[in-house]
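In what follows, every chain begins at residue 1, and chains take the letters A, B, ... in the order their sequences are listed.
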Amino acid sequence: MKSFRYLEGVSTLRLDKEACIGCGMCINVCPHRVFEIVSKKAEIIDKEVCMECGACAMNCPVNALNVTPGVGCASYILQTWIKKDKAACGCGGHACC
Amino acid sequence: MTDETITTVGTRLSFRDYFGAFRMRVGAEREKYRVAPGIYKVGAPSLSSPVFVSANYKMSFDFLRRGLSGINAWILVLNTRGVNVWCAAGKKTFSTNEIVRMVKESELENFVSHRELILPQLSAPGVSAHEVMKKSGFKVRFGPIRAEDIKRFMANGKKADAEMRTVTFNIWERFILTPRELTSRITTSFYIISAIFIISSAGNETLVRGLFGTTAYFIGLFAGTIVTPLLLPWLPGRSFALKGAVTGIILGSLFCFLFGGHGNMATAAMLIFAMSVSSYTAITFTGATPFTSPTGVEKEMRRAIPLQIAAVVLSCGLWIGNSFIGGGL
């Protein structure tokens with residue numbers, strides 16, 4: 001989905017290349033083609049399309065990836081501002097999104 | 001649980017299934033749209049048949065079984081409290097622990113001789129493949145994002161290619177999300193319209209002025225919840241607040257042009273109000289998109305929301321001022 005890009009320079013994604021074992025799990029789980037394997041190690045080739053879903057960090061077996069995961073949803077963020085930690089999904093219903 | 005007690009599900013969706021999906025799109029009784037967690041059969045699965053894991057949101061389950069036509073398989077439905085795969089993964093109800101729990105509770109190891117689970121790729125934010133392996137002995141293989149790609153995935157040696165792994169957000173995918181954007185705002189809209197009539201009661205012609213203000217609100221709502229999502233890639237900038245402001249101004253101007261004859265202050269008040277409503281509702285559409293990051297949305301909100309509030313205050317000021325000065329409306 002290269003045609004959709006959001007704000008630049010915000011993603012909290014970080015890769016520790018020293019720790020990376022080049023297993024490719026990050027590539028398997030990333031929905032935006034952020035990574036590629038370059039000479040047997042993962043490389044962030046397009047950080048700006050990262051939506052911080054957290055799938056890569058969750059599935060990195062050696063914790064080489066770090067990201068502050070979350071949901072990019074304004075209604076939810078607004079709730080966290082107002083209610084602090086009591087925020088639920090912002091869609092109003094019980095089964096939202 | 002024995003093999004005979006397991007429900008076999010079809011791979012063709014009925015009118016009722018599609019009607020149920022339609023009801024979800026417009027937001028009717030969403031909390032009841034669930035499937036019981038557990039094991040299901042598709043076709044005539046054997047000990048070696050693949051196991052697909054899904055959420056217990058009925059639309060997720062329906063799309064999976066439709067994608068499994070012609071395949072003999074097992075479906076393991078988790079308890080995600082009726083929430084779809086990606087949102088449930090984000091909330092950590094579609095999680096490592098839930099998979100481990102359901103694998104044990106369903107006694108899956110009695111139904112298959114292999115030790116492999118195929119998960120929808122979008123569950124990955126909630127599931128750690130290596131942890132599932134460690135805790136349940138089952139290897140996790142991430143499948144394609146879309147269930148319709150399952151056949152190609154299986155033919156490709158259970159490997160998802162780059163296309164199957166990449167989310168899309170085409171005009172149809174955006175369009176089907178828009179009714180829910182509107183219906184989720186019925187209650188809020190009632191309060192806002194009441195407020196418009198209260199503010200419009202300063203001066204004469206409360207009804208006409210109230211209806212004019214309500215029109216401005218609906219123009220903004222339509223621009224932000226329907227037009228902005230549809231035109232998303234073609235609207236200027238990256239910011240949803242800006243994209244929404246643009247559609248609000250354009251639709252508002254169009255209305256003023258077609259049904260002109262209002263005073264300058266009334267026109268300005270209307271345009272600013274429609275712009276604010278559209279900008280705000282557009283920013284909340286970030287929650288429905290598959291590409292906005294939380295850091296980005298928060299950054300945008302910190303800039304946009306104070307401006308939106310200021311714009312609403314300004315438009316109310318102009319509106320009330322207009323009723324005393326007179327002129328047009």
Side-chain angles (χ1 to χ4, degrees), chain A residues 1-13 23-36 47-63 67-81 87-97, chain B residues 24 27 30-34 57 81-84 86-91 96 121-131 140-142 145 160 162 165-169 180 184 187 232-233 238-240 280 283-301 305:
Chain A
M1 200 178 63
K2 294 295 170 189
S3 56
F4 279 105
R5 306 183 78 88
Y6 194 46
L7 308 186
E8 304 254 318
V10 293
S11 174
T12 53
L13 178 67
C23 70
M25 269 310 273
C26 50
I27 294 172
N28 287 341
V29 297
C30 178
H32 288 287
R33 304 191 198 176
V34 168
F35 306 97
E36 244 175 41
K47 188 173 170 179
E48 300 306 337
V49 289
C50 171
M51 61 176 290
E52 302 175 314
C53 71
C56 56
M58 192 82 178
N59 282 283
C60 178
V62 290
N63 293 321
V67 64
T68 310
V71 184
C73 171
S75 309
Y76 176 76
I77 293 170
L78 199 62
Q79 284 203 42
T80 63
W81 289 358
C89 180
C91 311
H94 297 281
C96 79
C97 309
Chain B
M24 290 308 102
R30 290 166 73 87
E31 64 279 5
K32 290 184 189 165
Y33 201 59
R34 297 178 182 201
Y57 179 50
R81 287 153 219 175
V83 174
N84 73 68
W86 211 1
C87 285
K91 290 175 213 267
T96 305
Q121 187 198 318
L122 292 184
S123 67
V127 180
S128 169
H130 54 277
E131 288 290 322
V140 165
R141 195 183 271 274
F142 285 105
I145 288 178
R165 292 196 308 261
T166 310
V167 284
T168 55
F169 203 39
R180 177 73 187 138
S184 64
T187 317
L232 202 61
R238 297 275 172 86
S239 152
F240 280 59
Y280 176 75
I283 212 174
T284 61
F285 189 66
T286 52
T289 70
F291 69 97
T292 54
S293 61
T295 311
V297 175
E298 184 148 9
K299 182 183 175 190
E300 180 179 2
M301 287 171 71
I305 290 190

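- If you run side-chain contact (heavy atoms from CB on, under 4.5 Å) between A:Cys30 and each of A:Val34, A:Ile27, A:Asn28, only A:Val34 comes through.
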Evaluation steps, salt bridge (Lys or Arg N to Asp or Glu O under 4.0 Å), between A:Glu8 and B:Arg238: CA-CA 9 Å; A:Glu8 304 254 318; B:Arg238 297 275 172 86; 2.8 Å; yes
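- The shortest side-chain heavy-atom distance between A:Cys56 and A:Leu13 falls under the 4.5 Å cut-off.
- With contacts defined as side-chain heavy-atom distances shorter than 4.5 Å, the pair A:Val49/A:Arg33 does not qualify.
- Within the 3.5 Å criterion, the main-chain N or O of A:Glu52 finds no donor-acceptor partner in the side chain of B:Ser293.
- Residue B:Glu300 touches chain A through both its backbone and its side chain, counting heavy-atom pairs closer than 4.5 Å.
- Between chain B and the options A:Gly54, A:Gly9, A:Gly70, A:Ala57, heavy-atom pairs under 4.5 Å are most frequent for A:Gly70.
- The aromatic rings of B:Phe285 and B:Phe169 lie parallel to each other, their planes meeting at an angle below 30°, with 60° marking the opposite boundary.
- Panel note: side chain B:Thr166, backbone A:His32; no donor-acceptor pair is recorded below 3.5 Å.
- Proximity to chain A (any heavy atom under 4.5 Å) is shown, for B:Ala160, by neither the backbone nor the side chain.
- Per-residue heavy-atom pair counts under 4.5 Å with chain B were compared for A:Leu7, A:Asn59, A:Val71, and the maximum is reached by A:Asn59.
- Heavy-atom distances place no part of B:Thr187 under 4.5 Å from chain A, backbone and side chain included.
- In this structure, the portion of B:Val127 lying under 4.5 Å from any heavy atom of chain A is its backbone and not its side chain.
- Interface residue B:Ile145: only side-chain heavy atoms are found under 4.5 Å from chain A.
- For B:Tyr280, the part lying near chain A is the side chain, with the backbone staying farther off; criterion is any non-hydrogen pair under 4.5 Å.
- For A:Cys50, the part sitting under 4.5 Å from any heavy atom of chain B is the backbone (N, CA, C, O) and nothing else.
- Proximity to chain A is absent for every atom of B:Ala288, based on heavy atoms less than 4.5 angstrom apart.
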